[in-house]
Amino acid sequence: MRVLVTGAAGFLGSHLCDRFLADGHEVVGMDNFVTGRPENIAHLIGNQRFRFVQHDVTNFMFVDGALDGVLHFASPASPRDYLELPIQTLKVGSLGTHKALGLAKAKRARFLLASTSEVYGDPTVHPQPESYWGNVNPIGPRGVYDEAKRFAEAITMAYRRFHSVDTRIVRIFNTYGPRMRAHDGRVVSNFIVQALAGEPLTMYGDGSQTRSFCYVDDLVDGIVRLFHSAEPDPVNIGNPVEFTVRELAERVLRLTGSKSKIVVEPLPQDDPKVRQPDITRARTLLGWEPKVALEQGLEKAIAYFKRESA
Ligand SMILES: NC(=O)c1ccc[n+]([C@@H]2O[C@H](COP(=O)([O-])OP(=O)(O)OC[C@H]3O[C@@H](n4cnc5c(N)ncnc54)[C@H](O)[C@@H]3O)[C@@H](O)[C@H]2O)c1
């Protein structure tokens with residue numbers, strides 16, 4: 001099998017490339033490095049089954065040879081990135097998804113869209129099943145990401161219905177692990193980096209808002225299962241074990257042995273107060289569930305950030 005991964009130099013894209021290569025497939029990685037890093041794929045350079053193309057996917061995409069799959073992961077993903085890159089985020093979700101679907105159609109390849117739990121916005125239903133349509137503020141600052149992904153899902157389904165492209169949609173919930181960027185503003189990397197540097201941990205709001213965090217290997221396993229399944233409707237992949245942000249901060253402090261204090265800052269606008277996947281569909285359709293406990297995953301992520309800062 002030969003697959004294209006867009007966003008290959010990013011956190012999730014690079015792990016996905018690793019997994020497809022480990023499964024014996026050929027991978028073409030594509031990225032423009034807007035939020036990704038060459039270091040994430042440096043270990044793949046020289047691998048005969050890996051090719052890298054530097055390209056902005058909002059422009060026409062051309063790839064030599066046959067493709068069996070297009071996995072569309074290109075998009076700024078951390079709140080800090082998409083608030084700094086609002087137009088690029090809207091463009092990659094809309095124009096980029098259109099171009100990636102066009103390529104999948106031309107190559108008769110299966111298409112998998114990396115969507116997000118953010119399509120549920122600030123949810124009024126908890127936990128969130130895929131049947132929930134969401135509570136999104138289209139004109140708030142986060143709307144650029146949420147609405148781009150909602151559009152991406154809509155155009156994916158339109159290509160399925162109108163052009164018979166074989167599509168899959170994964171709604172990814174908060175994921176963490178090695179290769180997250182140190183200063184991308186995501187809560188897990190923020191806390192770890194601040195704790196290791198002995199700086200105060202910045203907690204937004206009183207820390208009572210809940211999150212659930214999935215370790216990257218579990219997430220990639222769910223995505224690969226969905227890719228190989230016959231399931232056309234969106235599937236949530238994430239870890240349903242829920243923690244408050246304060247609990248997470250305290251756990252990071254304990255695991256790093258840091259003496260840092262927790263400082264409280266105002267909650268950003270439209271920040272979801274609760275977020276937990278209902279993974280019934282992933283369990284029943286894909287036989288998937290997360291295996292890595294938070295403590296175990298945090299230890300691996302902490303070890304990565306220690307190596308990075310050494
Ligand atoms: N990490 C998470 O917890 C999470 C949660 C939900 C959804 N997702 C989705 O998964 C995907 C990957 O997220 P990530 O966490 O790896 O983010 P990331 O920022 O690490 O990776 C995204 C990659 O896409 C690339 N990219 C962005 N715009 C591009 C463009 N126009 N052309 C080519 N490349 C472009 C970036 O350079 C980067 O390498 C995104 O689509 C994101 O929305 C991630």
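Residues take their numbers from the sequence shown, with the count starting at 1. Source: prediction; values computed, not measured. Just follow the structure's listing: the first ligand is 1, and inside any ligand the first atom is 1.
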Residue, atom name and distance, where the atom is the protein heavy atom closest to atom 27 (C) of ligand 1: V34 CG1, 3.2 Å
Donor-acceptor pair between R171 and S115 side chains, under 3.5 angstrom: no
Per-residue contact class, F33 against ligand 1 - non-hydrogen pairs under 4.0 Å: backbone
Per-atom contacts, ligand 1 versus S115 - under 4.0 Å to a heavy atom: 7 (C)
Nearest neighbour of atom 30 (C) of ligand 1 from the list L219, N32, L12, on a heavy-atom basis: N32
Any donor-acceptor N or O pair under 3.5 Å, side chains T202, E265: no
Winner among L85, L95, D31, I172 once heavy atoms are compared against atom 5 (C) of ligand 1: I172
Of T58, T6, L113, the residue whose pairing with T97 passes side-chain contact (heavy atoms from CB on, under 4.5 Å): L113
Heavy-atom nearest neighbour in the protein, as seen from atom 3 (O) of ligand 1, with distance rounded to 0.1 Å: T175 N, 2.9 Å
Min heavy-atom dist Y176 to ligand 1 below 4.0 Å: no
Side chain, backbone, both or neither: the part of S78 lying under 4.0 Å from ligand 1 by heavy atom: neither
K149 touching ligand 1 at heavy-atom level, < 4.0 angstrom: yes
Ligand 1 contact by T6, heavy-atom criterion under 4.0 angstrom: no
Heavy-atom pair of closest approach, residues V92 and H72: O-NE2, 3.8 Å
Residue-ligand contact A9/ligand 1, heavy atom below 4.0 Å: yes
For atom 43 (O) of ligand 1, closest protein heavy-atom neighbour: Y145 OH, 2.5 Å
Heavy-atom proximity to atom 24 (O) of ligand 1, best of S75, A77, G36, G13: S75
G207 backbone acceptor or donor facing Q209 side chain under 3.5 Å: yes
Which segment of E118 sits under 4.0 Å of ligand 1 when only heavy atoms are counted: neither
Mode of T35 contact toward ligand 1 - side chain, backbone, both, neither (heavy atoms, under 4.0 Å): both
Any Q88 heavy atom less than 4.0 Å from ligand 1: no
Minimum heavy-atom distance between D81 and P76, given as atom pair plus value: CB-CB, 3.9 Å
Under 3.5 Å: N/O of T58 near N/O of ligand 1: no
Protein heavy atom at shortest distance from atom 21 (O) of ligand 1: G10 CA, 3.3 Å
Pairs satisfying side chain to side chain donor-acceptor pair (under 3.5 Å), at least one member in residues 82-94, at least two apart: Y82-R142
Flag for H43-D18: side-chain donor and acceptor within less than 3.5 Å: yes
Atom 31 (N) of ligand 1: nearest protein contact (heavy atom, Å): D56 OD1, 2.9 Å
Contact (N/O only, under 3.5 Å) between P76 and ligand 1: no
Candidates T124, D278, N236 - the one meeting side-chain hydrogen bond (donor to acceptor under 3.5 Å, both in side chains) with Y132: T124
Heavy-atom nearest neighbour in the protein, as seen from atom 12 (C) of ligand 1, with distance rounded to 0.1 Å: F73 O, 3.3 Å
Qualifying residues under side chain to side chain donor-acceptor pair (under 3.5 Å), relative to S117, sequence neighbours excluded: R275
Donor-acceptor side-chain pairing of Q276 and S212 below 3.5 angstrom: no
Minimum non-hydrogen distance to atom 32 (N) of ligand 1, winning option of V57, I237, V170: V57
